[in-house]
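As a basis for the values below, the full set of heavy atoms in this structure was taken, side chains included, without hydrogen atoms, waters or symmetry mates.
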Amino acid sequence: MALRPADSPGFLLWHATLRWQRDMAAALAPIGLTHVQFVLLACAWWLNGRGEHPNQLALARQAGTDVKMTSQVLRALEQKGLVEREVDPADTRAKRLRVTEAGAELAPRAIAAVEAADAEFFRAVPLDEALPLLRRLALPEE
């Protein structure tokens, strides 16, 4: 039986995702980052803060991004002076990622902007309802 678009979970999720992406882009524009640049910078910053210096593959896994796209975005972050790639002493073919001082200053500001946009976007849904649903959708194997 065909559903009306307003009764289709996938269609509604599509529109919610588009709206959320627009909100993220608007929040990050004044900071000079795209959303994917933000995600990779924030993940690298978080991992570095835990004493880890991931390679590109580990960062892509953490962020849930495609490895080749991650490489392209990391090049852009490197050109902006926000991350550096260093040869991994354990595997000279791999590059370990380190957030620069400029990246470490920018990451918390970008995270605050994204968290504020998230809070506004999700304000109509209580957090204790939204998080379990989003976890089930994002991580069905858990």
Side-chain angles (χ1 to χ4, degrees), residues 1-88 90-91 93-142:
M1 181 169 128
L3 298 175
R4 295 178 313 125
D7 295 331
S8 169
F11 188 75
L12 292 171
L13 180 60
W14 169 252
H15 280 275
T17 301
L18 291 174
R19 191 177 131 235
W20 179 78
Q21 288 174 339
R22 283 191 302 271
D23 290 355
M24 292 303 107
L28 290 165
I31 296 169
L33 293 174
T34 67
H35 193 207
V36 71
Q37 287 173 348
F38 160 74
V39 170
L40 292 173
L41 177 64
C43 285
W45 177 77
W46 183 77
L47 290 167
N48 284 182
R50 298 180 66 207
E52 298 177 37
H53 291 88
N55 61 27
Q56 177 180 303
L57 179 59
L59 183 64
R61 284 185 182 145
Q62 173 72 26
T65 54
D66 175 77
V67 177
K68 289 181 182 175
M69 183 268 300
T70 297
S71 177
Q72 293 170 344
V73 175
L74 284 171
R75 260 193 298 277
L77 290 173
E78 196 171 28
Q79 289 172 349
K80 290 181 177 201
L82 301 175
V83 298
E84 291 179 343
R85 300 184 212 204
E86 302 165 339
V87 174
D88 185 340
D91 180 358
R93 298 169 298 167
K95 303 273 180 142
R96 295 172 58 164
L97 301 166
R98 186 181 66 75
V99 175
T100 64
E101 187 175 322
E105 289 175 11
L106 186 62
R109 288 190 310 135
I111 291 168
V114 164
E115 286 180 349
D118 267 348
E120 178 61 24
F121 182 84
F122 289 106
R123 73 177 155 70
V125 181
L127 203 54
D128 62 341
E129 292 177 23
L131 286 177
L133 172 63
L134 293 170
R135 281 188 187 112
R136 282 197 317 267
L137 294 173
L139 308 166
E141 62 279 353
E142 289 185 8

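Separation of atoms CD (Glu78) and CZ (Arg75) is listed at 9.0 Å; rounding is to 0.5 Å. Separation of atoms CZ (Phe11) and CZ (Arg4) is listed at 11.5 Å; rounding is to 0.5 Å. Note that OG1 of Thr17 and CZ of Arg22 are 10.5 Å apart. Values are rounded to the nearest 0.5 Å. One distance of note links OG of Ser71 with CG of Asp66; it measures 10.0 Å at 0.5 Å rounding. Taking CG from Asn55 and CZ from Arg85, the interatomic distance works out to 11.0 Å, rounded to the nearest 0.5 Å. We find the OG1-CZ distance between Thr70 and Arg61 to be 11.5 Å, quoted to the nearest 0.5 Å.
In this structure, the side chains of Met24 and Phe38 stay at 4.5 Å or more apart for every pair of heavy atoms. Using a 4.5 Å heavy-atom cutoff, the side chains of Leu13 and Ser8 are not in contact. Using a 4.5 Å cut-off on side-chain heavy atoms (C-beta onward), Val73 and Thr65 make no contact. Taking the side chain as every heavy atom from C-beta outward, Ile111 and Trp45 approach each other to under 4.5 Å. Side-chain atoms of Gln21 and Leu18, non-hydrogen and from C-beta on, do get closer than 4.5 Å to each other.
Asp128 pairs by the salt bridge (charged side-chain N to carboxylate O under 4.0 Å, His left out) definition with nothing, not counting sequence neighbours.
Minimum interatomic distance between Pro5 and Leu12 (heavy atoms only, all atoms of both residues): O-CG, 4.2 Å. Residues Pro126 and Ala124 share a closest heavy-atom pair of CD-O, 4.0 Å. Residues Thr100 and Gly81 share a closest heavy-atom pair of OG1-O, 2.5 Å. The shortest non-hydrogen separation linking Pro30 to Ala27 is CD-O, 3.5 Å. When every heavy atom of Ala130 is checked against every heavy atom of Val125, the shortest pair comes out as CB-CG1, 3.7 Å. Closest approach of Leu33 to Ala110, counting heavy atoms only: CD1-CB, 4.1 Å.
Counting only residues at least two apart or on different chains, the salt bridge (charged side-chain N to carboxylate O under 4.0 Å, His left out) pairs with a member in residues 113-127 are Glu120-Arg123.
In this structure a side-chain-to-backbone donor-acceptor pair under 3.5 Å is missing from Gln37 to Leu77.
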Task: From CA spacing to verdict: side-chain contact (heavy atoms from CB on, under 4.5 Å), Leu97, Leu47 - done: CA-CA 10 Å; Leu97 301 166; Leu47 290 167; over 6 Å; no
Task: Pair Arg136-Leu133, side-chain contact (heavy atoms from CB on, under 4.5 Å): steps then yes or no - done: CA-CA 5 Å; Arg136 282 197 317 267; Leu133 172 63; 3.8 Å; yes
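Here the rule is side-chain contact (heavy atoms from CB on, under 4.5 Å) with Val83, and of Leu41, Asn48, Leu40 only Leu41 fits it.
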